Amino acid sequence: MKPEFRKLKGYAFDPSLSLQAATVGINNITYKIPWEEKLDAGPIGEYIEVIDYDPTLKCFYIPVNLNQRDLLVNEGVEPSESDPKFHQQMVYAVAMTTIDNFEKSLGRKVLWATHVTLGDEEGNSRFQYTFVPRLRIYPHAFRRPNAYYSPFKKALLFGYFEAKPADVKLQMPGSVVFTCLSHDVITHETAHAILDGLYSKYTQPTNVDVLAFHEAFADIIALFQHFTFPEVLKSQIRRTRGDLASQNLLGQLAQEFGTSIGHYGALRDAIGRINPEKGIWEPIKPTGNEYSTIFEPHKRGGILVSAVFEAFLNIYKSRVADLIRIASGGSGILPQGEIHPDLVNRLASEAAKTAQHVLTMCIRALDYCPPVDITFGDFFRAIITADFDLMADDPRDYRVCFIEAFRKRGIYPKGLTTLSLDSLRYSTNYSGAIQEKFEILTEFLREFRNDIMYVQTREQIFNITQQGSKNLHERLQTKFLQASSEFEALTGLAFNVDLDRKLGVKIKNNKPTFEVHSLRLASRVGPGGKQSNQMIISLIQRARVKVTKIKPNQKKTDLQDYVVNSVPYESTDKDSFIVRGGCTLIFDLDTVQLKYAISKPILDVNLIKKGNTKYSVNKELAISTYEYLKGSLRDRDDHAAYFMPDDEHMMNEPFFFLHQD
Amino acid sequence: MNRVNIRMYRMGTGDFFLLTFKNPDEEIFRLMIDCGCINASEELVRVHVTDLIDHLGEDPTIDLLVVTHEHADHMNGFKLVDDLFKTIKFKKVWLAWTESKENTIANEYRGLNIRAGMALKAASEKLKSSVNNPAFVQEMKRQYKGNLMLDGIDFYAKAVDEFVDINLPVDGGVIPTIEDKLREYGVISEDTEVECLDVKEVIENIAGLSGIRVFVLGPPEEKKYLNVGEKHGEMYKQREHASAFDFSFIDVLCDDRSNLIKPFKDKHVAKTGNEVSKIYKQRDTYRKIDFDWLNGISELALRYERNINNTSLALAFEFVESGKILLFPGDAEFGSWLSWHEKLSWEIVKNGKKETVSIKEILARTVCYKVSHHLSQNGTPKQKGLELLSNPDLVAFVTLDLDKIQKVWRNTMPNDFIGAGLLKQTKGRVFFVGKDTQRILDNIQTDRVTVTKSNMAKAKSLNDKFADSLFIEYDIEG
């Protein structure tokens, strides 16, 4: 019988913690990752290929073969900074753990972003799309305190450097620090790669939240993955006597390590800091206007990280309130001294459950996001909606905890008048007329489900999805060509040929073009055992527009101060630009009914709803994209300003530039 | 001395000043500050320096020459027309303490900068070799957005070159000081007195310059200020120090095998032709990372430039009687400004009593500000600089020319906030080296700032008076 898991030794944080007596016990842990039958030296498995090449020295390091008998018995190579084989094992173990968390939460296999090449020389097709089976990982790619995900190479690049530590007690000056040995850094970068596989447009920012979201999301995954290690939790709870908020080693240490690596600290500065007078770590109290005042991507990302972190703490507190009361004889104040080991175990188990739940909520929310132009507000609504979908009632008020934490930081989704559970959750009430329109998709959805449901390999999933997207595209184009305005109002995208020319949408074969951006099947089980099978379709449409500001010197502006004109898609007018709209449609596969339509309309939907026959482009989206693109280069850090000709070039390696300094 | 004529030569982005101090008896003292410009040609410099010599008259003499720092846009003129400079008599030269060969910190500092410069050059060569490599180019051209990648690398390499180009040329690893260079060009002769000024010094009783007191503001003594370039909001952005980890990178760039840090022992290195190397070389070649590690060089390039800018000799000239001040900070960036606030005050004797002068006082009394670092975002801080330059008589000189500038600098120069602030505080009395004043003003007037029409018009008309002139001239009563 083949084993369920492969056990591999590794660090829970990073090597420096193994040098401190207080943390050595929790730092060396065993990662349990799903068994891969075929795992070559590298390691090179189904999802990941570790290529240990150091281009600064032009040499390869001997790859680890984890199927070697002694390594199987010993749970891999012993943790060691001086053995590159352990480095390879560490990146493999942590990246696989991260992938596993995503697969469990999303209810499907993780696929990496597609490799796109230009079509053949005969011009048969413009682009060719190739399946990328493995994410490539270079553990020793350069000599800088940095690590990044390259969307272009579908690869993680980790740097190493000679330490000049903030705290010489933790790291020996002059010793070499490897970013590939940090759980946080590896998880963070892997999460970037997975997110890029789901939403490739999130690496092309159109508002201040987009890149900040990428960073924050990656960091949330890294942060909460810690809490899934029981050893780490128990020790921590023993130390803090159950109160994870008062002095949180996980948050604090992640922060400290971040300072020596560089950018990883910045995100977490929003969680807490060492009080200079008392010398202890304290969480930062939000002021309420963070979201409207902080714009630098890392700092802004920190707002989201701290919001989710606070939600987690509040959920944990409410979950353990009864335990604390029992243990304290009803007073809620635990007696002096160490707390009972049984209580430690119970508290740890509650914290782990909470963490797992928060992690799952955040990952699942991805399926409820629009495919373009994401904002924190969109993600907030996605969390609430996704959770509602799996658990109709909320006995422990998880969702309320989230709302409170987001509200405290001023993160309000656009277009909502109240912040109630009902208003945050996306609407599910679609009229019979709309459902009828979708009946033409019923057959397709059923067929696709049957095609993909029992397919095993990720390559097959990729191929079937590619074909399915083509079929769906064709169907949408023919069936919706003379589409009802209801469908256009729902998706916010243009399908009616006569109107589109004026919208700046590209016309091909007399039809407006759009892209089936993704097509995914999600089979999830909620905490209450509720099974849900959904089909998620996302569509993207592009239009060329030109925006002019009427009063160029006015600082405070509203929509009235701009003129938005559609420009023919092929135009080369330098002042025009492409704006993207998109829509995520979620179908319940059991009833084959539309459940949600989450849209970033490219059309002015209000006009359609009013029955107006003259369509126009969504002014708000055009203006916000314009403001972002126009302002950006000047406001970027020096690296971009000096070293990149324009934003488009920078966005080829967005994370390289984001992760500088 | 009770008045000064300020002459700003207009060669291009770069500094070249002549200050002529006069007393009621028409005795004069000539102070020259820097002579350089970006991408200068010999011809261009010759025209301007010839004009200077004509102006100096018979037996051309400069009483005091100040060379603020080693960047080309402040001193390449000396080399380009060294024959002309040999005809001028320089009585005295002032340099920053960082140019002193007797100072160990200064020596170490120059050594680090030289190595950084060599590394930059090597990195840019390597990057250029990638975009000239046919196999690499072909691979990239097959990729979606691969052309962006190629353009990006090309641009990046050239940007690094521009950072290298503004530094003194290094020949064979010898570390020259500005003094060495000026001797080589014949600017400093046997009769010239050379002084490296210590920061915090107050210099009085300069022969021929009575009634003028000089405060030495920078460069800062502490390393931690040297690499601070700019400030975001209330928090300034501090770069890492020029630390060891730079050198693990620099060593490998300079191919310095003796110092090379290897992360692992040789026994861990795989034999050539192992399985993983085959995969790297043959499978998905678009994923190779042979050049990506060079991208880290931009950070080094910036720090390198910043360090040198912060070694600028920053001086404040005070008319003792009126207290009016002329501020010439070279290209001092935020770190230098910060040190003036945090570390410095100056002791003077006034009416027989000891008094302390703070930087706030100096800035408040400044009536002439040579805008630091060509009106870039990091040259003039907001709260610690611009807002304190509150004198109603303030006039500003900007050594920026958008027609003659490093291409990559255009994204940061002129900075609209600082430009608008200066136009407001000087009521339009801002002079530019660049003759296309309108272009600079247009670049200042973005929608993030407000500039009144009258200040705009005033600046335009003041500069237009010198439309055909090699220089701008302005008189200040002391």
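These numbers come from a predicted model, not from an experiment.
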- Query: Okay, side chain of A:Lys154, backbone of A:Pro151: is any donor-acceptor separation there less than 3.5 Å?
  - Reply: yes
- Is a side-chain donor or acceptor of A:His115 paired with a backbone partner of A:Tyr129 at a separation under 3.5 angstrom? no
- Query: In terms of heavy-atom pairs under 4.5 Å, which option from A:Gly42, A:Pro63, A:Gly159, A:Ser82 contacts chain B the most?
  - Reply: A:Ser82
- Item | Option that, when pairs with chain B are counted at under 4.5 Å, heavy atom only, ranks first among A:Pro55, A:Ala141, A:Ala41, A:Pro84 | A:Pro84
What part of [X] gets closer than 4.5 Å to chain A, counting heavy atoms only: side chain, backbone, both or neither?
X	value
B:Lys141	backbone
B:Asp290	both
B:Lys267	backbone
B:Gln143	both

- Query: Going by distance alone, is a donor N or O of one side chain under 3.5 Å from an acceptor N or O of the other, for A:Tyr149 and A:Asp196?
  - Reply: yes
- Item | Proximal component of A:Phe60, with respect to chain B [non-hydrogen, under 4.5 Å] | both
- Residue part contacting chain B, namely of A:Asp52, when any heavy atom lies under 4.5 Å: backbone
- Test B:Lys128 against B:Asp161 for salt bridge (charged side-chain N to carboxylate O under 4.0 Å, His left out), laying out the working first. CA-CA 10 Å; B:Lys128 277 183 265 177; B:Asp161 275 348; 2.6 Å; yes
- Message: If I take atom NE2 from residue A:His140 and atom SG from residue A:Cys59, how far apart are they, to the nearest 0.5 angstrom?
- Response: 10.0 Å
- Item | A:Ile137 side chain reached by A:Ile48 side chain, heavy atoms, under 4.5 Å | yes
